[in-house]
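One structure is given here, and the rest of the page talks about it.
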Amino acid sequence: MSSPSKRLQTKPVITCLKTFLISYSLIFWFTGVILLAVGVWGKVSLEAYFSLVTEQSTNAPYVLIGTGAIIVIFGLFGCFATCRGSPWMLKMYSMFLALVFLAELVAGISGFLFRHEIKTVLSTTYKDAVKHYNQTGPISKAVDNIQRNLHCCGSDNYTDWGSTEYFKERGIPISCCNDSLPCTPEALKDLSKAEKVVYHQGCVKLVTTVMESNLGIIAGISFGIAFFQVIGIFLACCLSRYITNNQYEMV
């Protein structure tokens with residue numbers, strides 16, 4: 001059994017660590033809310049782009065939403081474990097933070113690497129989407145959304161539509177029309193007339209820019225939150241150790 005003076009020296013350290021860890025857990029909880037928001041934003045804003053690049057990448061927003069929800073729950077658990085001063089709860093909390101750190105690190109690296117592969121993949125998939133455009137399919141709707149929102153037409157330019165089956169039947173899609181100019185079905189069936197009423201900029205370059213910048217933001221947030229977990233792991237382990245040692249000294 002240790003002296004009372006030593007135990008008195010340990011208690012302020014435990015109180016200080018508890019204060020820091022509770023503050024950290026609240027911030028950690030808030031980062032979960034941020035991830036939830038980023039996931040929802042990615043689902044709403046980037047769905048059309050993801051669906052063109054690859055079908056599997058559409059799961060990315062759901063991963064962020066799920067991770068954010070788990071972080072919100074464990075952020076509250078961290079506050080509870082700290083207030084209770086339970087060593088095993090604190091160890092469990094630090095293990096969870098370590099898993100989150102590894103998961104977010106992998107997600108951040110994957111997003112950063114995928115960001116540089118977009119141009120090659122998108123060029124091929126967008127040209128294929130234009131070639132098989134039918135106005136009703138999910139990929140075709142994604143093409144329409146992109147052309148309307150980014151004010152672009154075709155993969156490289158509006159003339160790409162001239163070699164498609166859709167153009168032979170109906171002309172250039174109405175989503176290519178410049179809103180500030182009169183756009184008639186007759187004009188869309190003639191490339192020389194369509195030149196005056198549709199957007200000239202190709203979509204591949206614009207979509208690549210949008211995807212690279214937004215995936216860069218998502219990767220940056222993932223990296224930032226991942227390294228933030230290291231602080232929590234350190235605090236939780238230290239607090240668990242001090243509480244265990246203090247209990248042992250009292251015995």
Sub-4.5 Å side-chain heavy-atom contact between [X] and [Y]:
{"X": "His200", "Y": "Glu195", "result": "yes"}
{"X": "Ile146", "Y": "Cys152", "result": "yes"}
{"X": "Cys203", "Y": "Leu150", "result": "no"}
{"X": "Cys177", "Y": "Val197", "result": "no"}
{"X": "Leu235", "Y": "Thr82", "result": "no"}
{"X": "Tyr199", "Y": "Arg148", "result": "no"}
{"X": "Ile172", "Y": "Leu191", "result": "yes"}
{"X": "Leu99", "Y": "Met95", "result": "no"}

Between Thr208 (side chain only) and Val204 (backbone N and O only), is there a donor and an acceptor less than 3.5 Å apart?
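Here the side-chain-to-backbone pair exists.
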
May I ask you to decide if Lys131's main-chain N or O and Glu165's side chain share a donor-acceptor pair within less than 3.5 Å?
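No; judged by distance alone, with no hydrogens or angles, the pair does not exist.
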
Exceeds 12 heavy-atom contacts within 6.0 angstrom, atom [atom1] of [X]:
{"X": "Ile233", "atom1": "CD1", "answer": "yes"}
{"X": "Lys18", "atom1": "NZ", "answer": "yes"}
{"X": "Met92", "atom1": "CE", "answer": "no"}

Nearest 0.5 Å, please: how far is [atom2] in [Y] from [atom1] in [X]?
{"X": "Ser23", "Y": "Ile231", "atom1": "OG", "atom2": "CD1", "value": "12.0 Å"}
{"X": "Tyr158", "Y": "Gln201", "atom1": "OH", "atom2": "CD", "value": "13.5 Å"}
{"X": "Leu26", "Y": "Leu21", "atom1": "CG", "atom2": "CG", "value": "9.5 Å"}
{"X": "Ile71", "Y": "Phe28", "atom1": "CD1", "atom2": "CZ", "value": "4.5 Å"}

Measure up the Phe77 and Phe74 rings against each other and bin them: parallel (under 30°), tilted (30 to 60°), perpendicular (over 60°).
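The arrangement is perpendicular - the two ring planes meet at more than 60°.
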
For the pair Tyr166 and Tyr133, name the ring-plane relationship: parallel under 30°, tilted 30 to 60°, perpendicular over 60°.
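Perpendicular.
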
Does the side chain of Ser25 pick up a donor-acceptor pair with the side chain of Tyr93 at under 3.5 Å?
yes

